[in-house]
Amino acid sequence: MIQLLAESIIRIGRPIKDGGMPCREKIRLLTDVSSENCKNFFRHVFLIELAGGDSCLQQLELGDMALENNKETFTVDSQRNVTFPIFYPNGGNPLHAQGIYPLPCYLLYDPHLKALGEKEQFKKEFLSPRLNNTLQYRDMTLSEKELLADQVAVLLAAQATEFISEDKQLGILMIYDARLNVFQEKQDWMGEDETLMWINESRLQPGRQLYLDGEEVLQCINQAKFYEAAELGSEKNAVSTFSNQPAAEVVSIYNKAWLWLSPTWDMPRSIYWQDDEWTKGIKVDAESYAAYFYGVQFLKEIQVPVASAVLKEMFAPVTSVEAKKNMKATSFESIYGIPLVLPLTDGGSQQLFANYRRMLKKDSEKQSNSDLHLKVLAGIDRVVPEIGDEHRLTILYYSGDLSRGNMHIRAVIEDIVPSVAGKIEQILHDLKVSETGKIQLAFGVAEQAVYKTQTLPALLANAFGPGYVWETLQAALHKEPLRLERLRLTTARRLNELANKEDTWQMVQELIFYYSFLYFLHQYEQKILQKQGGVMILSDWDEFKALYSQGRLDLCHLASVEQLGFTAGLLLRQFHNSYYQKTGKDFVKQRVMKFGSKLTPAMIWKNGLLRCEELAQQWNMKLGANFRPVLAQALLGFLAKQDQLVPEKDSFMTAFWSGYLLYKADKKNDKTEEDGGNDNEQQ
């Protein structure tokens, strides 16, 4: 699993690394210069310039303060921040040196800044550990590093009182050392050169400009991360797990580049390995590791949390209306989603790179109908640009605290065919735009948005329950059949609970969701599974209701328990209307349901329909001409299907409440009745 995941990340990272992305964007991707956590570090940038035996210090502020919502916030200069490539610590004590620094550019925390005036302390606790871990100074002797640390510490201590305040401060220290090839000095202004990035004007030589060589920086970053990984073991002249070719040096894939493969895990490490023998597991060569690092940084950028409202729809209990109502959206642990797009074969890397680049821009709107909006399909607000079926989409969900190496993969939905995902998105769009309104109109409800039908995870979770979210999401996105039993069970339970509370409005809402899901399933079976028939949607009952109102429903029309239940619902509602006109009482509540009991098919049959004739005679009720012929057929239907009423009770009860709440008196047919039953039905 880990190897497959790492291989996928390398395949994602390779086109980004080798594509035409400008240096600036690559540095922005690989570092934390644009991280929200780092913005205040750019308020105090200390640039130390060293050339020959001379040195000087400049203090810069890369950004501006702005007033937002009556609060001052710092906005970083997004053009210049890439010239100070910083890395925000992932766990551990940030006051200590961590990892390998590609160039002498370090984060300063408040204790560091307060210690600037203490030359020896600052040198010992801050400068020396970092200089020793800086790639550019890797070949420098200890005495040379000591000399360099002395020079910097003295310079900072001499001016410390000018920029230390009592407030909490954060900053960046960059040592512009003219000896390092990552820095360049130019007489002329280089304008918008993408490779050379302007740092500032030289103070040692006024009029000359200081630059950072972007290509050199990228090489240093890749090399530093490779050496960082080597701390857990490296081998010379070994075969890489990914290229399957001999490489001059390979390192372990387990490191802090992506905390999913953090070495703080105990699980991937054999008890027979020493601390620096992780290469006995997965080995990676330098080229593959660079692609892996690009892929990791890309995934960090595009990961997005599932919205709290969607999480509630996914994981709140569905069998109890009251329990779900009392759940808060904030009651659920955050879950993050990451989309991975991979080609089935190598090639087409430029097209893939273009798609990845667009995903990095974090568009939340589709630019064409062929784009996939994962908010609808997977609950994560990210658009995947148009991709053909020669690609596959993988969606990865995880939760936990990555900074502590404590994360849990919730689900990995692999190998999603883009055209299938596109068709499902279109079905959900049609449901939202047109079908839900028709269903609401049929139940006499004003048209309004139904949140739990607007995303696939919410739709499936409300239909099948939170325990089946990942399973059914994977089934739907893999063109597998979806079964209705769980939907009927959860719907029947909720309807029963609401019927006991006499909450008719909420019962109607439950049936609106039920028929919305049936529409989705009907379209899914037709367009995705290429299957005809099978699921009855709301419009299928129209002809059934017409036959009922004409009294022409025969036993042949009651072929299923669902049809029998729907007919029973129509009959009891019609009888209830007349009964109410005579008695002022609710027939179902008074005669059929017993207080606090669950309504069952047997109660509807024996307490309800079998007593209709008797009560009609007793109260001299005028019933519609259609009622008695259909009642007779329904009673025969109950006798024919009495063995199915218990095992298929959920199907019966859902259809029963549908018929009961959809019934409307047909005035056109009532005009032909001799006994004027229509008058008795009006309430």
Side-chain angles (χ1 to χ4, degrees), residues 310 313-314 318 337 339 366 369-380 384 387 389 392-395 411 413-440 442 449-492 510-542 560 562 650-651 654-655 658:
V310 177
E313 294 299 334
M314 290 171 71
V318 294
K366 294 172 63 169
N369 290 333
S370 302
D371 291 350
L372 296 176
H373 203 318
L374 297 185
K375 186 174 183 180
V376 174
L377 292 167
I380 54 178
V384 174
I387 51 175
D389 282 351
R392 290 293 183 269
L393 173 65
T394 296
I395 301 172
I413 303 176
E414 298 177 289
D415 294 330
I416 301 170
V417 180
S419 62
V420 172
K423 289 177 183 174
I424 292 175
E425 186 182 343
Q426 186 59 46
I427 294 171
L428 287 166
H429 178 266
D430 294 343
L431 173 63
K432 174 185 172 184
V433 170
S434 61
E435 196 62 25
T436 301
K438 293 178 186 174
I439 295 170
Q440 289 171 329
V450 180
Y451 192 75
K452 54 189 178 182
T453 66
Q454 293 184 358
T455 68
L456 186 60
L459 183 77
L460 296 172
N462 277 287
F464 298 102
Y468 298 84
V469 169
W470 305 124
E471 178 187 336
T472 52
L473 188 58
Q474 169 146 326
L477 292 170
H478 284 91
K479 298 178 62 174
E480 295 173 8
L482 300 174
R483 293 184 297 177
L484 270 176
E485 288 78 5
R486 283 284 307 174
L487 171 67
R488 285 174 174 149
L489 183 147
T490 54
T491 305
E510 292 296 336
L511 287 171
I512 288 171
F513 172 78
Y514 177 73
Y515 283 103
S516 296
F517 186 87
L518 290 187
Y519 171 81
F520 167 80
L521 188 59
H522 182 261
Q523 295 294 309
Y524 176 82
E525 292 189 344
Q526 279 197 343
K527 296 179 178 176
I528 309 290
L529 304 183
Q530 305 296 317
K531 178 182 172 185
Q532 301 298 320
V535 179
M536 286 190 71
I537 59 175
L538 188 60
S539 59
D540 291 338
W541 291 117
D542 290 344
S560 68
E562 190 178 11
D650 296 327
S651 178
T654 309
S658 301

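Side-chain atoms are counted along with the backbone in the values below, which use heavy atoms only and exclude waters and symmetry mates.
Rounded to the nearest 0.5 Å, atoms NZ (Lys438) and CD (Gln440) are 13.0 Å apart. Residue Asn369 holds its CG atom at 8.5 Å from NE2 of His429, rounded to the nearest 0.5 Å. Taken from CD1 in Ile413 to OG1 in Thr394, the straight-line distance is 9.5 Å, to the nearest 0.5 Å. Between the CD atom of Gln526 and the CD atom of Gln532 there is a distance of 4.5 Å, given to the nearest 0.5 Å. Between the OG1 atom of Thr491 and the CG atom of Leu511 there is a distance of 8.0 Å, given to the nearest 0.5 Å. Separation of atoms CG (Leu521) and CD1 (Ile528) is listed at 11.5 Å; rounding is to 0.5 Å.
Partners of Glu562 by side chain to side chain contact (heavy atoms under 4.5 Å, CB included), not counting sequence neighbours, listed by chain and number: Arg488, Tyr514, Met536, Trp541, Ser560, Ser651, Ala655. For Asp371, the salt bridge (Lys or Arg N to Asp or Glu O under 4.0 Å) criterion is met by Arg358, not counting sequence neighbours. Residues meeting the ring-ring contact (aromatic ring centres under 6.0 Å, His included) test with Tyr524, sequence neighbours left out: Phe520. Residues passing the ring-ring contact (aromatic ring centres under 6.0 Å, His included) test with Tyr519, sequence neighbours excluded: none. Residues passing the side-chain hydrogen bond (donor to acceptor under 3.5 Å, both in side chains) test with Ser658, sequence neighbours excluded: Tyr515.
The two residues Arg483 and Glu485 come nearest to each other via the heavy atoms CB-OE1, 3.2 Å. In terms of heavy-atom proximity, Pro481 sits nearest to Leu529 at CA-CD1, 4.0 Å. When all heavy atoms of Ile395 and Ala378 are compared, the closest pair comes out as CD1-CB, 3.6 Å. The minimum heavy-atom distance linking Gly379 with Val310 is given by the pair CA-CG1, 4.3 Å. Taking each heavy atom of Ile380 and Gly337 in turn, the nearest pair found is CG2-CA, 3.7 Å. Minimum interatomic distance between Thr436 and Ser516 (heavy atoms only, all atoms of both residues): OG1-OG, 4.1 Å.
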Can Glu525 and Val535 be said to form a side chain to side chain contact (heavy atoms under 4.5 Å, CB included), step by step?
CA-CA 9 Å; Glu525 292 189 344; Val535 179; 3.5 Å; yes
query: Please walk me through it: do Leu431 and Ile427 pass side chain to side chain contact (heavy atoms under 4.5 Å, CB included)?
result: CA-CA 6 Å; Leu431 173 63; Ile427 294 171; 5.5 Å; no
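Within the 4.5 Å cutoff, side-chain heavy atoms of Leu487 are placed close to those of Leu518. Two residues are said to be in side-chain contact when any heavy atoms from C-beta on lie closer than 4.5 Å; Arg392 and Ile416 fail this criterion.
With hydrogens and angles ignored, the 3.5 Å screen pairs no side-chain donor or acceptor of Glu435 with any backbone N or O of Lys432. With Asp540 contributing its side chain and Ile537 its backbone, the two residues share a donor-acceptor pair below 3.5 Å. Looking at Glu425, its side chain never comes within 3.5 Å of a backbone N or O of Val376 through a donor-acceptor pair.
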Output a table of donor-acceptor pairs, distance under 3.5 Å, between side-chain atoms of residues 455-478 and any protein atom two or more places apart or on a different chain; print 'none' if there are none.
from: Thr455; atom 1: OG1; to: Ala458; atom 2: N; distance (Å): 3.3
from: Asn462; atom 1: OD1; to: Lys324; atom 2: NZ; distance (Å): 2.3
from: Asn462; atom 1: ND2; to: Glu313; atom 2: OE1; distance (Å): 2.9
from: Asn462; atom 1: ND2; to: Ala458; atom 2: O; distance (Å): 2.9
from: Thr472; atom 1: OG1; to: Tyr468; atom 2: O; distance (Å): 2.6
from: Thr472; atom 1: OG1; to: Val469; atom 2: O; distance (Å): 3.2
from: His478; atom 1: ND1; to: Gln474; atom 2: O; distance (Å): 2.7
from: His478; atom 1: NE2; to: Glu414; atom 2: O; distance (Å): 2.4

